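All remarks here apply to the structure that follows.
Everything numeric here is computed off the predicted structure, so don't read it as measured data.
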Number of protein chains: 2
Amino acid sequence: MLNLEESPARLFAALGDATRLGLIKRLSNGAEQSIAQLGEELPISRQAVAKHLDVLQSVGLVRRTRRGREVLFVLEPKTVAQARRWLTQVSAQWDDALGRLKMFVESQP
Amino acid sequence: MLNLEESPARLFAALGDATRLGLIKRLSNGAEQSIAQLGEELPISRQAVAKHLDVLQSVGLVRRTRRGREVLFVLEPKTVAQARRWLTQVSAQWDDALGRLKMFVESQP
DNA sequence: CTTTTATGCAACCATATGGTTGCTGATTAA
DNA sequence: TTAATCAGCAACCATATGGTTGCATAAAAG
């Protein structure tokens, strides 16, 4: 897996597509699903779906398993959590900064 | 502001670039900063920085204010929180699914 | 008033991205 | 065994993206 800690950009980029977000949402029900299944309701070709899944796998958002002739995909919630953590840190730093500003203002005579 | 609730894809796409993540991190200290300031340490042209800031503003991640001849940018933590919320929901749905699976397995004779 | 500073606008360029189609190979079903 | 299903590979295409340069404008500083 790539180093997402120091470069979450690729991870967010993988999330930055409506089709891929849909796939993730669909996979978040916990079920393993094949490429054909995942593409059933989508208005794009199977190959397009496969490419999207490749992108998701390349950043570790999904894991693939072969079973016979089909390939099953499952969500990797740890990677979702990594993205969440980055945003949480930004929010926390923001809150800290505002807190310090408030303290400074209140300490003025 | 665009409707991010039903289409967080554009929001994640805006986060999907290392330069923009750097800008966000830099802005998370709470200080308003100009385009020139934000681009000081970056190895790209001022126009490139301005374009990145346009992207961030177009999804509501930053807000711009004009002061004299310069334009100041400030982080919009509410939008960061929106992205975080989407990821949280995916995680929660995943946890629910696993919980139901566990209950089902344990209820088997 | 002249110069510097900070930004905006527009054209341009190379590459990435999201999509397609056609063909091939392997596995399951009839 | 033959037919249907699921996936992989490769080429191709249009548009988006991230970057550049050159010139213009407005405000602050000298």
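Rounded to a whole Å, the CZ atom of A:Arg46 is 10 Å from the P atom of D:dC6. Here C:dT4 presents its P atom at 12 Å from CZ of B:Arg69, a figure rounded to the nearest Å. Atom P of nucleotide C:dA16 and atom CZ of A:Arg20 are separated by 15 Å, given to the nearest angstrom. Rounding to whole angstrom units, NZ of residue B:Lys51 and C1' of C:dT7 are separated by 15 Å. In this structure, the CD atom of A:Gln47 is 15 Å from the P atom of D:dA11, given to the nearest Å. Rounded to whole Å, the distance from CG on B:Asp17 to P on D:dG19 is 6 Å. B:Arg67 places its CZ atom 16 Å from the C1' atom of D:dA26, with the value rounded to the nearest Å. Per the geometry, CG belonging to A:Leu53 stands 15 Å off C1' belonging to C:dG19, to the nearest Å.
Among the atoms of the strands shown, only primed sugar atoms or phosphate atoms (P, OP1, OP2) are found under 4.0 Å from some heavy atom of B:Ala36.
No donor-acceptor pair closer than 3.5 Å links the side chain of B:Arg20 to the backbone N or O of B:His52. Between the side chain of A:Thr79 and the main chain of A:Gly60, a donor-acceptor pair closer than 3.5 Å is present.
Between A:Ser45 and the phosphate of C:dT21, there is no side-chain N or O to OP1/OP2 separation shorter than 4.0 Å.
With rounding to the nearest 0.5 angstrom, the CD1 atom of B:Ile24 is 5.0 Å from the CG atom of B:Leu56.
Each of D:dA7, D:dG19, C:dT7 was ranked by its minimum atom distance to the side chain of B:Thr19; first place goes to D:dG19.
Nucleotides of DNA chain C nearest to B:Leu72 and A:Gly16 differ in position, and the one nearer the 5' end is that of B:Leu72. Mapping A:Glu70 and A:Ile44 onto DNA chain C by nearest heavy atom places A:Ile44 at the nucleotide closer to the 5' end.
Between the side chains of A:Gln57 and A:Arg63, no donor-acceptor pair is found at a separation under 3.5 Å.
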